[in-house]
Colleague: 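One structure, as structure tokens, below. Some questions next.
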Amino acid sequence: MVSRRGWVLFALMSVIWGVPYLLIKVADTGVSVPVLVFARVAVGAAVLLPIAIWRGRIRVLAGRWRWLAIFAVVEIMLPWALLSDAERRLSSSLTGLMIAVVPIIGLVLARLTGGPERLTVVRWAGLLGGSAWPITEVILVALCYATGPLVANRKLGDLPGLSVTAVCLAAATVVYAPVAALTWPSTVPSARVLGSLAGLGVLCTAIAFVLFFQLIAEVGPARATVITYVNPAVAVALGVSVLGEPLTPAIVAAFVLILTGSVLATRSGRPRPEPAPDAPPVPVAAEARPRPDPGL
């Protein structure tokens with residue numbers, strides 16, 4: 001049973017991670033892709049890294065630098081640059097809609113890499129119905145977003161999530177700084193662009209990750225990922241209402257297809273067995289990582 005706090009966190013995350021597509025579209029009008037990504041990760045790192053250091057959570061990452069680097073690349077560095085570049089040609093609503101195929105790709109990758117997921121007939125129906133045409137435009141982004149959780153789950157699962165995120169954002173800041181410096185705007189961007197960059201860094205990165213770890217702690221990792229089904233609706237609504245992007249029949253149909261395909265593809269292939277009435281509940285192993293920090 002999901003608590004009231006769990007529902008509040010779920011609603012917040014569903015909205016917050018539907019917002020970046022709008023902010024990226026606005027920021028794209030005033031800065032280059034490297035500057036956009038640099039600003040986002042730098043602001044996020046500036047918020048989270050001091051907290052992680054103050055809590056003494058950096059030392060626990062020793063010995064995992066290779067996997068942390070891989071996670072930073074596939075979850076932050078590549079997809080955020082690809083998304084920012086894609087939105088120079090695509091509408092924010094369409095981009096957010098297409099990213100909804102991430103759970104489908106994640107299911108296939110988990111299965112191909114030896115995970116316990118079962119590709120049942122119902123799941124195959126979801127795969128074929130929901131990911132046919134939109135995945136061609138955002139295949140690299142979707143692959144990154146689907147690969148990142150696998151790395152976090154299998155290689156970084158016992159580490160505090162706040163520290164993992166803070167260090168990865170800091171690493172991305174260092175990597176993007178030289179390229180951002182080369183493409184730095186000659187004039188100060190508009191207040192609208194600066195506000196979008198600040199929103200991406202503070203709200204959609206730093207605050208979003210903290211809330212997401214709290215959501216995982218409250219409702220469990222499996223339920224927490226359901227926000228992926230709601231984010232596209234938020235992205236489409238913001239794109240249409242704020243930016244005036246067209247709400248075409250094709251977008252509506254694609255939303256229905258992708259949402260249906262994602263739900264079918266990620267349904268459990270078999271019901272989870274219930275413990276005996278007189279037996280104590282069996283702890284459920286974490287299915288998605290990084291592990292949330294206590295007290296977040």
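What you see is a predicted model, and the numbers here were worked out from it, not measured in a lab.
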Colleague: Between CD of E87 and CG of L36, what distance do you get to the nearest 0.5 Å?
Modeller: 9.0 Å
Colleague: Tell me whether V174 is reachable from V33 by hopping between hydrophobic residues (I, L, V, M, F, W, Y) whose side-chain heavy atoms are closer than 4.5 Å.
Modeller: no
Colleague: What distance do S92 atom OG and L23 atom CG have between them, rounded to the nearest 0.5 Å?
Modeller: 9.5 Å
Colleague: Could you report the tightest heavy-atom contact between W80 and V41, atom names first, then the distance?
Modeller: CZ3-CG1, 3.5 Å
Colleague: Is there side-chain contact between W67 and I70, with heavy atoms separated by less than 4.5 Å?
Modeller: yes
Colleague: To the nearest 0.5 angstrom, please state how far the CZ atom of R88 sits from the CG atom of L83.
Modeller: 13.0 Å
Colleague: Are more than 12 heavy atoms, taken from residues, nucleotides or ligands other than R192, located less than 6.0 Å from that residue's CZ atom?
Modeller: no
Colleague: If you define the side chain from C-beta out and look only at heavy atoms, does anything of D28 sit under 4.5 Å from S84?
Modeller: yes
Colleague: Measuring from atom CD1 of I24 to atom CG of L197, what distance do you get when rounded to the nearest 0.5 angstrom?
Modeller: 10.0 Å
Colleague: Scan the side chains in residues 202-213 for donor-acceptor partners under 3.5 Å anywhere in the protein, sequence neighbours excluded, and list what turns up.
Modeller:
residue	atom	partner	partner atom	Å
T205	OG1	R40	NE	2.8
T205	OG1	L200	O	2.7

Colleague: Are the side chains of F38 and V179 in touch, meaning some heavy atoms are under 4.5 Å apart?
Modeller: no
Colleague: Which atom pair, heavy atoms only, marks the closest approach of S163 to R57?
Modeller: OG-CB, 2.6 Å
Colleague: Looking only at heavy atoms, which two atoms of K155 and R64 are closest? And how far apart?
Modeller: O-NH1, 3.0 Å
Colleague: When rounded to the nearest 0.5 angstrom, what distance separates CG in L9 from OG in S14?
Modeller: 10.5 Å
Colleague: Only one of L169, T173, I58 forms a side-chain contact (heavy atoms from CB on, under 4.5 Å) with L49, so which one is it?
Modeller: I58
Colleague: Identify the heavy atoms of P185 and G30 that sit nearest to each other, and give their distance.
Modeller: CB-O, 4.3 Å
Colleague: So, for I76 and C168, which heavy atoms are closest and what is the spacing to 0.1 Å?
Modeller: CD1-CB, 3.8 Å
Colleague: Do L194 and V188 have side chains that approach each other closer than 4.5 Å (heavy atoms only, starting at C-beta)?
Modeller: yes
Colleague: What salt bridge (Lys or Arg N to Asp or Glu O under 4.0 Å) pairs are there with at least one residue in residues 233-243, not counting sequence neighbours?
Modeller: none
Colleague: When you look at V151 and E75, which way does the side chain to side chain contact (heavy atoms under 4.5 Å, CB included) test go after all the steps?
Modeller: CA-CA 9 Å; V151 175; E75 187 69 19; over 6 Å; no
Colleague: Just wondering, do L243 and V26 contact through their side chains at under 4.5 Å, heavy atoms?
Modeller: yes
Colleague: Any donor-acceptor pair under 3.5 Å linking the side chain of Y176 with the backbone of M77?
Modeller: yes
Colleague: When rounded to the nearest 0.5 angstrom, what is the spacing between NZ in K25 and OG in S196?
Modeller: 12.5 Å
Colleague: Locate the shortest heavy-atom distance separating A180 from P34; write the atom from each residue and the value.
Modeller: CB-O, 3.9 Å
